[in-house]
Every structure is written in structure tokens, then in C-alpha cells.
Amino acid sequence: MTTDTNRIYATRRLGIVNALTEKLKEIDGNGDFNTDIYRNVTPRLKFWDEIDEFPAINLSAGGESRVYQSGGYKDRFFSITVRVYVRDEDPIVALDELLEDIETVIESNSRLEFTNRRGDIEHTQQISIVSIDT
């Protein structure tokens with residue numbers, strides 16, 4: 001099976017998840033960050049028994065919906081699940097600090113630059129945190 005990279009109606013999900021993964025890898029314990037994640041961020045879902053180094057952040061793309069506007073314009077909405085794993089003497093504090101770091105990255109990159117499948121640079125319109133569950 002070949003992939004036609006000239007299609008204009010392809011999803012941008014993979015490019016966005018990969019770009020957000022790279023931004024989250026910048027959490028290094030310096031400046032505004034509380035945690036050093038050792039660049040242990042992956043753009044795929046992992047479960048607790050698959051994690052070797054802590055803390056760890058794993059992203060996975062959820063469903064996508066589209067709203068078609070006039071003039072051929074469309075808004076695309078999709079969710080990204082960010083799964084965070086910590087192992088610490090006080091895991092609640094460690095988790096809160098890492099969640100603050102993730103929120104800092106997302107708020108600072110709400111208009112995220114990413115590369116689509118054709119290699120063109122694009123930007124998200126907005127990235128928002130909808131919910132946090134622990």
C-alpha cells in the first residue's frame with residue numbers, strides 16, 4: 001500500500017501529536033518547569049507495566065470531528081489523551097508538579113506549529129485542556 005502525500009483532505013492528527021510530543025520533551029526541570037522528564041515522552045499509548053523510566057508521558061489521539069464552514073473551510077476537533085506516570089515517595093506532589101509543567105507547555109503552545117504529511121508547516125488554531133483525571 002502506498003501513501004499519497006499529495007492529498008489535501010488528510011487528517012493532521014499524527015503531525016499534531018508528534019509536535020506536541022516534541023514540546024513536552026522540553027520539560028527539563030529548568031526555568032518554569034518543576035520536573036525533569038528525561039525526555040521520556042512518547043506519541044503512543046503505554047500502560048504501567050510497559051514503563052521503565054519515571055516520570056513518563058504518553059500521548060494518544062482520540063476521535064476527530066469536523067464542522068464544515070462556508071467557502072470550503074472546515075474546523076477539525078480531536079482529543080489527545082495525555083497519560084502521565086510517576087513513581088515517587090510523594091506521588092501526589094510529583095503528579096501535581098508534572099501536570100503543572102504539561103499545562104505550561106500546552107498554554108505556551110496553544111497555536112502549535114506542526115508539519116503535515118506533505119511536509120508543509122501548519123498551525124493549530126487552539127489547544128485547550130478539557131479535563132484532568134487522576
Side-chain angles (χ1 to χ4, degrees):
M1 184 169 114
T2 61
T3 302
D4 182 4
T5 57
N6 293 324
R7 294 182 56 180
I8 61 171
Y9 296 110
T11 181
R12 296 346 188 234
R13 295 159 35 104
L14 182 60
I16 294 168
V17 169
N18 287 338
L20 186 55
T21 297
E22 291 306 310
K23 289 296 182 183
L24 290 170
K25 287 180 179 181
E26 296 174 5
I27 299 174
D28 63 0
N30 294 311
D32 292 333
F33 298 121
N34 301 311
T35 310
D36 184 356
I37 60 163
Y38 318 112
R39 302 184 57 80
N40 194 16
V41 183
T42 59
R44 70 171 196 88
L45 182 63
K46 287 186 177 182
F47 295 98
W48 178 260
D49 60 341
E50 296 177 273
I51 307 298
D52 297 322
E53 293 182 45
F54 295 89
I57 300 174
N58 307 130
L59 287 77
S60 65
E64 180 176 334
S65 63
R66 298 178 183 184
V67 176
Y68 294 89
Q69 308 289 346
S70 60
Y73 182 79
K74 69 182 118 214
D75 290 317
R76 302 162 188 240
F77 301 91
F78 80 100
S79 62
I80 299 175
T81 298
V82 179
R83 193 166 287 205
V84 178
Y85 299 97
V86 296
R87 183 182 291 170
D88 197 85
E89 288 181 28
D90 193 344
I92 301 300
V93 171
L95 182 59
D96 281 348
E97 289 179 346
L98 186 50
L99 289 173
E100 285 178 20
D101 290 341
I102 292 168
E103 187 169 2
T104 297
V105 169
I106 290 172
E107 293 295 326
S108 300
N109 294 282
S110 180
R111 185 168 158 75
L112 182 67
E113 181 178 289
F114 67 96
T115 305
N116 68 21
R117 292 177 49 172
R118 294 187 329 220
D120 300 327
I121 302 297
E122 296 191 47
H123 294 86
T124 59
Q125 223 173 12
Q126 178 181 341
I127 299 175
S128 303
I129 297 172
V130 176
S131 68
I132 298 174
D133 296 318
T134 58

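For Thr124, the side-chain contact (heavy atoms from CB on, under 4.5 Å) partners two or more places apart in sequence, or in a different chain, are Ile16, Leu112, Phe114, Ile127. Under the side-chain contact (heavy atoms from CB on, under 4.5 Å) criterion, Val130 pairs with no residue, sequence neighbours left out.
Residue pairs meeting the ring pair (Phe, Tyr, Trp, His ring centres under 6.0 Å) criterion with at least one member in residues 18-43, sequence neighbours excluded, do not occur.
Within the 4.5 Å cutoff, no side-chain heavy atoms of Thr81 are placed close to those of Leu59.
Side-chain contacts under 4.5 Å among hydrophobic residues (ILVMFWY), followed directly or transitively, place Trp48 together with Ile51, Phe54, Tyr85.
The CG atom of Asn58 lies 3.5 Å from the OG1 atom of Thr42; values are rounded to the nearest 0.5 Å. Atom CD of Glu64 and atom CZ of Arg13 lie 6.0 Å apart (nearest 0.5 Å). Going from atom CZ of Arg83 over to atom CG of Asp133 covers 10.5 Å, rounded to the nearest 0.5 Å.
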Under 3.5 Å, sequence neighbours excluded: what are the donor-acceptor pairs made by side chains of residues 89-104?
residue : atom : partner : partner atom : Å
Glu100  : OE1  : Asn34   : ND2          : 3.2
Asp101  : OD1  : Asn34   : N            : 2.8
Asp101  : OD2  : Asn34   : N            : 3.1
Asp101  : OD2  : Thr35   : N            : 2.8
Asp101  : OD2  : Thr35   : OG1          : 3.0
Thr104  : OG1  : Glu100  : O            : 2.9

Taking only distance into account, with no hydrogens and no angle test, what donor-acceptor pairs under 3.5 Å do side-chain atoms of residues 18-28 form with protein atoms, sequence neighbours excluded?
residue : atom : partner : partner atom : Å
Asn18   : ND2  : Leu14   : O            : 3.4
Thr21   : OG1  : Val17   : O            : 2.8
Glu22   : OE2  : Lys25   : NZ           : 3.3
Asp28   : OD1  : Asn30   : N            : 3.0
Asp28   : OD2  : Asn30   : ND2          : 3.4

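Put simply, Phe77 and Ile129 are part of two different groups of oily side chains (I, L, V, M, F, W, Y) that touch within less than 4.5 Å, one to the next.
No donor-acceptor pair closer than 3.5 Å links the side chain of Asp120 to the backbone N or O of Asn116.
Arg111 pairs with exactly one of Gln126, His123, Gln125 by the side-chain contact (heavy atoms from CB on, under 4.5 Å) rule, that one being His123.
More than 12 heavy atoms of other residues, nucleotides or ligands shown are found within 6.0 angstrom of CD on Gln69.
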